[in-house]
K.L.:
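Attaching a single structure in structure tokens format; questions to follow.
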Amino acid sequence: MASTGLQVLGLVLALLGWACGTLVCAAPLWRISAFVGGEIVIAQVLWEGLWMNCLSQTTGHIQCKSYDSTLALPTSAQAARGLTVLSLLLSILAVMLGVVGAKCTHCMGDSNQASKARLGRIAGVLLIVAGLAYLMPICWTAYATIRDFYDPNVAAPLKRELGPALYLGWGASILLLLGGALLHVGSSAPGGRALAISGPVAKPSPSTGAAGEAKQQEKSFV
């Protein structure tokens, strides 16, 4: 029952991580304008994301525009797109495998527990890989943003700060990693510990049996 609870908890955390990751991937809040100049009144705020950038004005009007060309984007932005989409697809595949391999479901029947446990462990590994794949673009974007912010060669209007999507992305990665770990631990092979303790019963070899019969015959002669 404890392993079933770990599986269910792992699947719930994985679903939450996937939902947060999808929101982060679509939100244009990865980087925002940094106010480092001497101006007190700022009329516009620029938001940047993976797929579009938005311009927010003090009047409340927000105008968003998707990037004109994918090939014109920096290599880091293209890699971030690919890793986030790959992570979300792996998470969906892992959740489906985890549901099929969960002990509380009957998708594969109750007699095939070994295959269900194997599917659960594979799903846990896929979730861990998805969490690491999602964590890489988040950390790299944060590093590049902080590096450019403190670089004196970068002009003040080009400096950016960490957007709220990055913090939510770190949370999504942690949820995926925890969900994968719990699902892998909860999908232990059924009866594996009992087989390891008991072990196979050793059969007497023919030579041992012949030696025992010879000793019994000698005792009978005496």
Side-chain angles (χ1 to χ4, degrees), residues 5-36 45-56 62 64-67 70 73-99 120-151 154 158-187:
L6 289 178
Q7 286 182 330
V8 173
L9 181 59
L11 289 174
V12 171
L13 291 180
L15 285 175
L16 289 176
W18 177 84
C20 294
T22 304
L23 181 62
V24 170
C25 181
L29 293 171
W30 284 54
R31 304 196 307 171
I32 60 176
S33 300
F35 306 133
V36 294
V45 178
L46 181 63
W47 303 340
E48 296 179 359
L50 292 180
W51 310 97
M52 66 180 70
N53 53 12
C54 296
L55 189 64
S56 175
I62 299 176
C64 296
K65 179 183 177 182
S66 59
Y67 297 115
T70 303
L73 293 175
T75 307
S76 59
Q78 298 180 18
R81 281 185 175 186
L83 287 174
T84 50
V85 172
L86 177 63
S87 174
L88 295 176
L89 293 178
L90 280 179
S91 301
I92 285 293
L93 177 61
V95 169
M96 291 190 296
L97 291 178
V99 170
R121 292 194 297 271
I122 292 174
V125 172
L126 288 179
L127 282 175
I128 293 175
V129 173
L132 293 176
Y134 204 91
L135 188 62
M136 285 189 289
I138 298 293
C139 292
W140 175 256
T141 303
Y143 165 75
T145 303
I146 296 174
R147 180 196 59 194
D148 294 342
F149 184 85
Y150 290 106
D151 190 356
V154 178
L158 300 179
K159 293 181 182 294
R160 299 291 183 265
E161 291 183 354
L162 302 181
L166 294 181
Y167 299 100
L168 187 59
W170 277 313
S173 302
I174 294 174
L175 288 176
L176 289 175
L177 292 173
L178 287 178
L182 292 177
L183 187 58
H184 189 276
V185 171
S187 302

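The structure displayed is predicted, hence computed values, not measured ones.
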K.L.:
State the CD1-OG distance between Ile128 and Ser173, to the nearest 0.5 angstrom.
P.N.:
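Between Ile128 CD1 and Ser173 OG, I get 13.0 Å after rounding to 0.5 Å.
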K.L.:
Measure from the side-chain N and O atoms of Lys159 to the backbone N and O of Asp151, and report whether any donor-acceptor pair falls under 3.5 Å.
P.N.:
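Such a contact is found between Lys159 side chain and Asp151 backbone.
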K.L.:
Distance from Leu176 atom CG to Trp18 atom CH2, nearest 0.5 Å?
P.N.:
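Rounded to the nearest 0.5 Å, the CG-CH2 separation comes out at 11.0 Å.
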K.L.:
Applying the side-chain contact (heavy atoms from CB on, under 4.5 Å) criterion to Arg160, which one of Leu46, Val154, Asp148 satisfies it?
P.N.:
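Per the side-chain contact (heavy atoms from CB on, under 4.5 Å) rule, the option paired with Arg160 is Leu46, out of Leu46, Val154, Asp148.
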K.L.:
Measuring from atom CG of Leu13 to atom CG of Leu127, what distance do you get when rounded to the nearest 0.5 angstrom?
P.N.:
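With rounding to 0.5 Å, CG (Leu13) is 10.0 Å from CG (Leu127).
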K.L.:
Mind checking the CD1-CG spacing from Ile92 to Leu97? Nearest 0.5 Å is all I need.
P.N.:
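The distance works out to 11.5 Å.
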K.L.:
Could you tell me whether a side-chain N or O of Tyr134 sits under 3.5 Å from a main-chain N or O of Ala172, the two making a donor and an acceptor?
P.N.:
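No, because the side chain of Tyr134 does not come within donor-acceptor range (under 3.5 Å) of the backbone of Ala172.
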K.L.:
Check whether the side chains of Ser187 and Gln7 place a donor and an acceptor atom closer than 3.5 Å, and report yes or no.
P.N.:
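Checked: Ser187/Gln7 side chains pair up, N/O donor to acceptor below 3.5 Å.
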K.L.:
Give, for atom CG of Leu16 and atom CG of Leu11, the distance between the pair rounded to the nearest 0.5 Å.
P.N.:
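One finds 11.0 Å between CG of Leu16 and CG of Leu11.
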K.L.:
Checking the side chain of Ser91 only, and the main-chain atoms of Ser87 only, is there a donor and an acceptor separated by less than 3.5 Å?
P.N.:
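Side chain of Ser91 to backbone of Ser87: a pair is present.
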K.L.:
Here's a test for you: under side-chain contact (heavy atoms from CB on, under 4.5 Å), which of Leu29, Ile32, Val45, Ile62 qualifies with Cys54?
P.N.:
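Per the side-chain contact (heavy atoms from CB on, under 4.5 Å) rule, the option paired with Cys54 is Ile62, out of Leu29, Ile32, Val45, Ile62.
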K.L.:
What is the minimum heavy-atom distance between Leu6 and Gly186, and which atoms define it?
P.N.:
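Closest approach of Leu6 to Gly186: CB-CA, 4.0 Å.
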K.L.:
As an exercise, state the distance from CG of Asn53 to OH of Tyr67, rounded to the nearest 0.5 Å.
P.N.:
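Result: 5.0 Å between the selected atoms.
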K.L.:
Between Tyr167 and Trp170, what is the ring plane arrangement, given parallel below 30°, perpendicular above 60°, and tilted in between?
P.N.:
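Perpendicular, since the angle between the ring planes exceeds 60°.
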K.L.:
Determine the minimum heavy-atom distance between Ser76 and Trp140, stating which atoms define it.
P.N.:
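Result for this residue pair: CB-NE1, 3.3 Å.
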K.L.:
What pairs with Thr22 under side-chain hydrogen bond (donor to acceptor under 3.5 Å, both in side chains), at least two apart in sequence or on another chain?
P.N.:
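Per chain and number, Thr22 pairs via side-chain hydrogen bond (donor to acceptor under 3.5 Å, both in side chains) with no residue.
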K.L.:
Applying the side-chain contact (heavy atoms from CB on, under 4.5 Å) test to Trp51, which of Cys64, Cys25, Ser66 qualifies?
P.N.:
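Of the listed options, the one satisfying the test is Cys25.
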